[in-house]
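All chains are named by letter (A, B, ...) in the order of the sequence lines, taking the proteins before the strands, and each is independently numbered beginning at 1. Just so you know, these numbers come straight off a predicted model, no measurement behind them.
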Amino acid sequence: MKLPVKMTINGQSYSHDVEPRLLLVHYIREAVGLTGTHVGCDTSQCGACTILMDGDAVKACTFFAVQVDGANIMTIEGLAKDGELHPIQMGFWEKHGLQCGFCTPGMIMSAYQMLERYPKPTEAQIRHQLEGNLCRCTGYHNIVKAIEWAAEHMPAKR
Amino acid sequence: MATVAADRLFGKSIKRREDPRFITGRGRYVDDLKLPGMTYAAFVRSPHAHARIRKIDTAAAARHPGVVAVFTGKDMTGVNSLPCGWDLRKAKNIPGVVQDLAIVPHMPLTSDAARHVGDPVAVVIADSQEAAIDAAEKVQVDWEPLPAVTVTERAAQSGAPQLHADAPGNVAFKWEIGDRNATDAAFKGAAVTVKKRIVNQRLVANAMEPRACVARYEDATGDLTLWVTSQNPHVHRLLMCAFVLGIPENNVRVIAPDVGGGFGSKIFLYNEEVICSWASRRLKRPVRWTATRREAYLTDAHGRDHVTDAEIALSRDGKILGLRVKTTANLGAYLSTFAPAVPTFLYGTLLNGVYTIGAIHCEVTGVFSNTTAVDAYRGAGRPEACYAIERIVEAGARGLGMDVAELRKKNFIPKFSGAYQTHVAVSYDSGDYGAAWDRMLQMLDYKKFRAEQEAARKQGRLLGIGFSAYIEACSIAPSKLVGALGAGAGLYESGKVRVHPTGMVTVFTGSHSHGQGHETTFAQLVADKLGIPIEQVDIVHGDTGSVAFGMGTYGSRSASVGGTAILMSLNKVIEKGKKIAAHLLEASPGDIDFSSGEFRVKGAPGKAVPFGAVSLTAYVPHNYPEGLEPGLEETSFYDPSNFCFPFGAHACVVEVERETGNVRILRYLAVDDVGNVINPMIVDGMVHGGIAQGVGQALWEGAVYDGQSGQLMTGSMMDYALPKADMLPMYETDRTVTPTPVNPMGVKGAGETGTIASPPAVVNAVVDALAPLGVDHIEAMPLTAERVWKIIQGAKGAR
Ligand code: FES
Ligand code: FES
């Protein structure tokens, strides 16, 4: 039995009939075809699937697609506007905050909400806020630097 | 956009050229691929550590809606065992080396018995992922559970359950290196000898991207394309075609696109990619499989798992007279692709460390057990060697009552270049161990730390410092040498440089980047050498359809072996370019110089022709040297003459919380010498990541099997503790530079240093912190709060 589901992703609306057990992350990757959101685990530990849902950074593997009918979602693909990289993306590039790149979309989406909560985070705050995101390549040093760089370069809030 | 002056690119920390796609979510990983008509594979795996298979009933699964086919091992007729690429039986002529090996079958789908939890016995192929998974649950296997052995020390004991008819007593091999008699004599003459048991626990690589493959067979042409998470697509192709499936290699294309980390675990040929390739040929439809993380824990090759008795002999004044090492290495249930090499030639040959040692003898027994196969994991053998040496050296210093730093300094091999012959077969290329060590002590301010430690101890605080002076072998490897050691392959690398008519350059390398940043570093090398803007250079890798051949990326070999192959081709391009330029400039080729992107007539400043004009002439050869072939494209294969041996000095400062046993890292310092560096930013990043993995081993990580049931207790990210951001410090890093004479760039290799150096530094630090309580040794890692708390409770000084 399939159920209808509708949502807005990166400003575009999508509707599909899906199995109720389909996870949101698989919906985004397989049905919508946005593969920047990754799957790194099956126990909601790795954070590679982190997206923004109605403004909150959430793990897309922790929801069924049908559960979030009507949600407004932003994935990594929606972050750069008109080809302009977001300061967090710039920070990861400038500070070598990625190696294999697999954790990176999730890291960046987590950092997005972090900087809304803590516009000028300390090192300890950054590390604590990344609790839900695992990286096996970088040892986190340069991810911390990347987010610090982004904090310094975020446009002032109106 | 301003371009960095091209002739200064080598050695510059330029930003990575691959990053824009990754930071915008446009990386292309295997699981991102969707093909028309694609089917999905789900595997039926053993829930038992050891069980005979009486019968497999696939009828109900086959009837499940959406199912295309169900296969068991019996269906895969004509398919051979997964090969072991390193046969110790063939090794010969290496003085002091004694060895043997039991080669056992490893069928893609086992049909007689399952030998570890997760061993695949059937595969379901369906139109959707969901149907495949649902149907896999309907496959009925009639199991006859058997007793299992998972514990390393017990595997070869009498009475242990036997895994393979061809490996009596579960012994895979016995191996020896060094001089037993000289070592015995050294121990007899020693003032102090210290013996310790040192356990290097089993680890799981945990690349963030799970393994995956997509196999597509095209009936019309007979071509098979396999996209697979591989560190070495050509090796995958060769092993799969020639050894397992017996299909023509030239009809098979293997593509390793963006790969999300490997750390060794994606070197090997695994069951699943072979089965999906076979099934795609059989069904004439594309087949995709992506591991769940649970499957990754159960089936990705594990690392380490050594139990070692290490013994050091010292003179009264602190000279290392002898080292004796006896290791049991757990290889798991089957021989993974390079398994026999890891605890032998990548381990025993590194036991000389950075020290002048009187004599060394090492014996290793490789054993089978009902666990996931063990193979190379970042460092592969070298971390185990470094751990054994650096722990026993500190234990020796304590036994002698000498400062651990002083004892090391006393024994460093003095600075040399060219060759230092060790007692364990290998000859080091160049080294200045004291320099890296002194730099590290200076950054640390060792004296000041000891004073602070004294003060802290008076307040009851447990502060400790641990060191690690490491060496490792990379730039793997001279083919002739590894052939003599038992390797089934050569370990050269290929590099092709194609100069297009417009002067644009495409480089085809057999190295593979799964995080290393080759699209940047190799382009730096090329732009630097040709004196052209880096934007003109493209790097192609990971595709057997476009890259001539390649041995891939592991053993920190990409820059030193893969990079050198590219450099050789660049030199050939320049040589040919000189002939063309000489013709255009009406000079003789011997009078032409090439630099900063221009061919010039020596001593005639005005007479020059740019690189782009020469490349155009090569393809539009109207005015062209007689007898010279048109075109500008060169291929080289580089086979190194020796390994390179990076080294360095690491230190870790910890505080242990007495009440909880929690270990906090206060400082982590690393001074590495990896020879010349192409991109310092990238090398620093590698060092950081390596340290994090090594600290992870020291403090949190470990694959744990239940000794009774043989179940993997750490089969998810909930149970296997991977380091998180708030568990780690910022790292203080620096470098000394001792270029290697082995290759023309003087680069050694940087991918594994951190993982090799850090575990002993951290564990030594905890031992030092607990010294006031009377603790002088810790046998096993990880040093979780629980383990350390128990050690504190059991310590004499705590009561
Ligand atoms: S996939 Fe790992 S947390 Fe969602
Ligand atoms: S960059 Fe590879 S996992 Fe983070």
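The residue among A:Gly36, A:Ala80, A:Gly101, A:Cys135 with the most heavy atom pairs within less than 4.5 Å of chain B is A:Gly101. Each of A:Leu134, A:Thr104, A:Val144 has some count of heavy-atom pairs under 4.5 Å with chain B, and the biggest count is that of A:Leu134. When A:Gln89, A:Lys95, A:Glu123 are compared by the number of non-hydrogen pairs under 4.5 Å with chain B, A:Gln89 comes out ahead. The greatest number of non-hydrogen atom pairs below 4.5 Å with chain B, out of A:Glu131, A:Gln129, A:His128, is found for A:Glu131. Interface summary for chain A: among B:Gly754, B:Pro20, B:Gly696, B:Ser13, the most heavy-atom pairs under 4.5 angstrom belong to B:Pro20. For chain A, the option among B:Val695, B:Asp684, B:Val687, B:Ile682 with the highest count of heavy-atom pairs below 4.5 Å is B:Ile682. Of the listed residues A:Met107, A:Lys145, A:His96, the one with more heavy-atom pairs under 4.5 angstrom with chain B than any other is A:His96. When the candidates B:Ala207, B:Gly27, B:Gly690, B:Pro729 are compared by the number of heavy-atom contacts under 4.5 Å with chain A, B:Pro729 comes out ahead.
To the nearest 0.5 Å, the span separating OG1 on B:Thr24 from CZ on A:Phe92 amounts to 13.5 Å. Atoms CG and CZ, from B:Asp32 and A:Arg29 in turn, are 4.5 Å apart once rounded to the nearest 0.5 Å. Taking CD1 from B:Ile23 and CG from A:Leu98, the interatomic distance works out to 7.0 Å, rounded to the nearest 0.5 Å. Rounded to the nearest 0.5 Å, atoms CE (B:Met208) and SG (A:Cys100) are 8.5 Å apart. Rounding to the nearest 0.5 Å places OG of A:Ser44 at 13.0 Å from CZ of B:Arg293.
Salt-bridge check for B:Glu130 with A:Lys2: failed, with every basic side-chain N at 4.0 Å or more from each acidic carboxylate O. Ion pairing of B:Lys15 with A:Glu94 is present here, as a side-chain N (NZ or NE/NH1/NH2) and a carboxylate O approach within less than 4.0 Å.
Residues B:Ala692 and A:Gly139 come closest through the heavy atom pair CB-CA, 3.4 Å. The two atoms that bring B:Tyr29 and A:Phe102 nearest to each other are OH-N, 3.3 Å, heavy atoms only. For B:Gly25 against A:Glu77, the heavy-atom pair with the smallest separation is O-OE2, 3.6 Å. Heavy-atom minimum distance, B:Tyr40 versus A:Glu30: OH-OE1, 4.3 Å. Nearest heavy-atom pair across B:Phe263 and A:Arg136 is CE1-CG, 3.4 Å. The minimum heavy-atom distance linking A:Thr138 with B:His688 is given by the pair O-CB, 3.3 Å.
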### Task
Take A:Arg127 and B:Leu728, measure what side-chain contact (heavy atoms from CB on, under 4.5 Å) needs, and give me the verdict at the end.
CA-CA 9 Å; A:Arg127 288 183 182 275; B:Leu728 292 162; 4.2 Å; yes

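For A:Leu85, the part sitting under 4.5 Å from any heavy atom of chain B is the side chain, from C-beta outward, and nothing else. Residue contact with chain A, scored on non-hydrogen atoms closer than 4.5 Å, involves the backbone and the side chain of B:Arg16 alike. Using a 4.5 Å cut-off between heavy atoms, B:Ala296 makes no contact with chain A at all. Proximity to chain B (any heavy atom under 4.5 Å) is shown, for A:Leu34, by neither the backbone nor the side chain. Contact annotation for A:Ile108: only side-chain heavy atoms (C-beta onward) come within less than 4.5 Å of a heavy atom of chain B.
Between the side chains of A:Thr43 and B:Arg294, not a single donor N or O lies within less than 3.5 Å of an accepting N or O.
The aromatic rings of B:Tyr731 and A:His141 sit parallel, their planes meeting at an angle under 30°, below the 60° perpendicular limit.
Under a cut-off of 6.0 angstrom, the local environment of CZ in B:Arg28 is crowded, with over 12 non-hydrogen atoms contributed by other residues, nucleotides or ligands.
Using a 4.5 Å heavy-atom threshold, the side chains of A:His38 and B:Asp31 count as separate.
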